[in-house]
Asks: 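Sharing a structure, written as structure tokens. Questions coming.
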Amino acid sequence: MPENSSAVRVLLVDDDPMVLTGLEQILRAPADIEVVARAQDGETALGQAALHFPDIVLMDVRMPGMGGIEATSRLANSARPPRVVALTSFDTDDYLFRALEAGAAGFLLKDIGPAELAEAIRTVHRGEGILAPQATRRIIRAYSAKKDQRARREAAELVASLTAREREVAVLVAQGLSNREIAAATFSSEATVKTHLAKVNAKLDADNRVRVAVLVERAGIVGA
């Protein structure tokens with residue numbers, strides 16, 4: 001595969017050869033993205049990551065042998081960890097949350113459009129997390145439903161510590177918006193959004209956007 005030192009380097013991991021081929025064809029078009037390797041299981045993905053040092057890994061969460069969850073955890077703890085984005089379908093909620101807990105930067109649905117996929121990769125490369133808007137609310141509701149009243153009360157107490165603007169940002173995160181989209185919605189700059197989000201993360205003791213979204217949902221400040 002050609003190498004472009006200025007491009008975002010991507011490793012594709014999926015046990016379905018047709019999915020791999022489709023993703024690679026989609027990512028051939030953007031000049032600022034380069035697919036540097038492919039893998040069909042977690043163990044091979046670790047080897048390819050060690051060889052090519054990708055910036056981003058698109059990781060299927062369900063694969064034979066070493067699956068995406070274990071591979072994500074190992075990559076997150078490697079010497080040069082790439083940012084991992086889990087690839088999922090609507091029927092993989094439990095796998096998805098385990099992947100996020102293992103260190104994934106977010107998730108995408110496999111039916112994502114070409115332009116949206118390229119922009120998602122750029123977003124993650126900028127250091128932001130990514131949530132698939134189509135599935136975010138459903139997954140958060142499913143996850144939150146498992147928690148008891150004590151967890152909801154604790155979430156409400158944490159969310160109550162936010163300022164009005166921080167709460168607004170947290171709600172928009174729960175709706176699956178990126179920092180750029182939040183900036184547009186709040187008529188502010190991305191830098192300002194990042195500052196607010198840093199404060200939200202600190203007050204909610206959250207280390208990723210999914211954690212923020214789950215707490216917001218548990219606290220009951222997002223409409224159904």
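Note that the structure is predicted; figures quoted are calculated from it, not measured.
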Asks: Minimum heavy-atom separation for S78 and P82, please, with both atom names.
Replies: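 Answer, listing the atom of S78 first, then P82: OG-CD, 4.2 Å.
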
Asks: What distance separates I112 CD1 from L87 CG, expressed to the nearest 0.5 Å?
Replies: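 The distance works out to 9.0 Å.
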
Asks: How does the hydrophobic cluster around F187 look, that is, which other residues are in it when side-chain heavy atoms under 4.5 Å mark a link?
Replies: none

Asks: Does a side-chain heavy-atom distance below 4.5 Å link V8 with R83?
Replies: no

Asks: Find out whether D60 and D16 are in side-chain contact, i.e. whether some heavy atom of one side chain is under 4.5 Å from a heavy atom of the other.
Replies: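 They are not in contact (no side-chain heavy atoms under 4.5 Å apart), so the answer is no.
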
Asks: Taking all atoms of both residues into account, what is the closest heavy-atom pair of A31 and A7, and its distance?
Replies: O-CB, 4.2 Å

Asks: Among residues at least two apart in sequence or on other chains, which ones pass side-chain hydrogen bond (donor to acceptor under 3.5 Å, both in side chains) with E43?
Replies: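 In terms of side-chain hydrogen bond (donor to acceptor under 3.5 Å, both in side chains), with neighbours along the sequence ignored, E43 is linked to no residue.
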
Asks: Measure the shortest side-chain to side-chain distance between V10 and L23 over non-hydrogen atoms and say whether it is less than 4.5 angstrom.
Replies: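 When only atoms from C-beta onward are counted, L23 and V10 do not touch, as no gap falls below 4.5 Å.
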
Asks: Heavy-atom distance under 4.5 Å between the side chains of L12 and E24, does that happen here?
Replies: yes

Asks: Between A76 and G103, which heavy-atom pair has the shortest distance, and what is it?
Replies: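 Of all heavy-atom pairs spanning A76 and G103, the closest is CB-CA, 4.3 Å.
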
Asks: Output, in order, the C-alpha distance, side-chain angles, deciding distance and verdict of side chain to side chain contact (heavy atoms under 4.5 Å, CB included) for D15 and D41.
Replies: CA-CA 6 Å; D15 65 332; D41 59 71; over 6 Å; no

Asks: Given side chain to side chain contact (heavy atoms under 4.5 Å, CB included), test Q175 with E181 step by step and report yes or no.
Replies: CA-CA 11 Å; Q175 293 174 355; E181 291 168 330; over 6 Å; no

Asks: Distance check, rounded to the nearest 0.5 Å: I130 atom CD1 versus N179 atom CG?
Replies: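 Here the interatomic distance stands at 9.5 Å.
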
Asks: When you look at L58 and I121, which way does the side chain to side chain contact (heavy atoms under 4.5 Å, CB included) test go after all the steps?
Replies: CA-CA 9 Å; L58 296 183; I121 288 172; 4.2 Å; yes

Asks: Who else is in V57's hydrophobic cluster (ILVMFWY, side-chain heavy atoms under 4.5 Å, direct or via others)?
Replies: L11, V13, L46, M59, M63, M66, L75, V84

Asks: Any side-chain heavy atom of R180 sitting closer than 4.5 Å to one from R122?
Replies: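 No - every pair of side-chain heavy atoms lies 4.5 Å or more apart.
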
Asks: Rounded to the nearest 0.5 Å, how far does CD1 of I182 lie from CD of E128?
Replies: 8.0 Å

Asks: Do V36 and F53 share a hydrophobic cluster, counting only Ile, Leu, Val, Met, Phe, Trp and Tyr and linking them when any side-chain heavy atoms are less than 4.5 Å apart?
Replies: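 Cluster IDs for V36 and F53 differ.
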
Asks: How long is the straight-line distance from CG of D207 back to CG of L204, given to the nearest 0.5 Å?
Replies: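 L204 CG to D207 CG: 11.5 Å, rounded to 0.5 Å.
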
Asks: Please report the interatomic distance CD(E168) to OG1(T186), rounded to the nearest 0.5 Å.
Replies: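 With rounding to 0.5 Å, CD (E168) is 6.0 Å from OG1 (T186).
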
Asks: Minimum heavy-atom separation for A174 and A213, please, with both atom names.
Replies: CA-CB, 3.6 Å

Asks: Using modelled atom types and a 3.5 Å cut-off, is there a donor and acceptor pairing between side-chain atoms of R209 and backbone atoms of L177?
Replies: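 Yes: the side chain of R209 pairs with the backbone of L177.
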
Asks: List the atom pairs, with distances to 0.1 Å, where a side-chain N or O of residues 192-202 and a protein N or O form a donor-acceptor pair under 3.5 Å, not counting sequence neighbours.
Replies:
unit_1 : atom_1 : unit_2 : atom_2 : d
T192   : OG1    : S189   : OG     : 2.9
T195   : OG1    : A191   : O      : 3.1
N201   : ND2    : L197   : O      : 3.4

Asks: Testing the basics here: between A104 and A86, what is the closest heavy-atom pair and its distance to 0.1 Å?
Replies: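 Scanning both residues, the minimum pair turns out to be CB-N, 4.5 Å.
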
Asks: Where do Q40 and L20 land on the side chain to side chain contact (heavy atoms under 4.5 Å, CB included) test, with the steps shown first?
Replies: CA-CA 8 Å; Q40 290 186 242; L20 285 176; 3.5 Å; yes

Asks: Evaluate the side-chain proximity of R38 to T44: yes if any heavy-atom separation is below 4.5 Å, no if none is.
Replies: no

Asks: Out of curiosity, H125 NE2 to D55 CG, how far, rounded to the nearest 0.5 Å?
Replies: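 Here the rounded value is 4.0 Å.
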
Asks: Closest approach of E166 and S161, non-hydrogen atoms and distance?
Replies: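 Distance-wise, the nearest heavy atoms are OE1-O, 4.5 Å.
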
Asks: I want to check something: taking the side chain as every heavy atom from C-beta on, are V35 and R28 in contact at a cut-off of under 4.5 Å?
Replies: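 Of all side-chain heavy-atom pairs linking R28 with V35, none is under 4.5 Å.
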
Asks: According to side-chain hydrogen bond (donor to acceptor under 3.5 Å, both in side chains), who are the partners of T123, at least two apart in sequence or on a separate chain?
Replies: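 So T123 forms a side-chain hydrogen bond (donor to acceptor under 3.5 Å, both in side chains) with R126.
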
Asks: Are R218 and L215 side-chain neighbours, meaning at least one heavy-atom pair lies under 4.5 Å?
Replies: yes

Asks: Using the test side-chain hydrogen bond (donor to acceptor under 3.5 Å, both in side chains), find all partners of E70 that sit at least two apart in sequence or belong to another chain.
Replies: R74

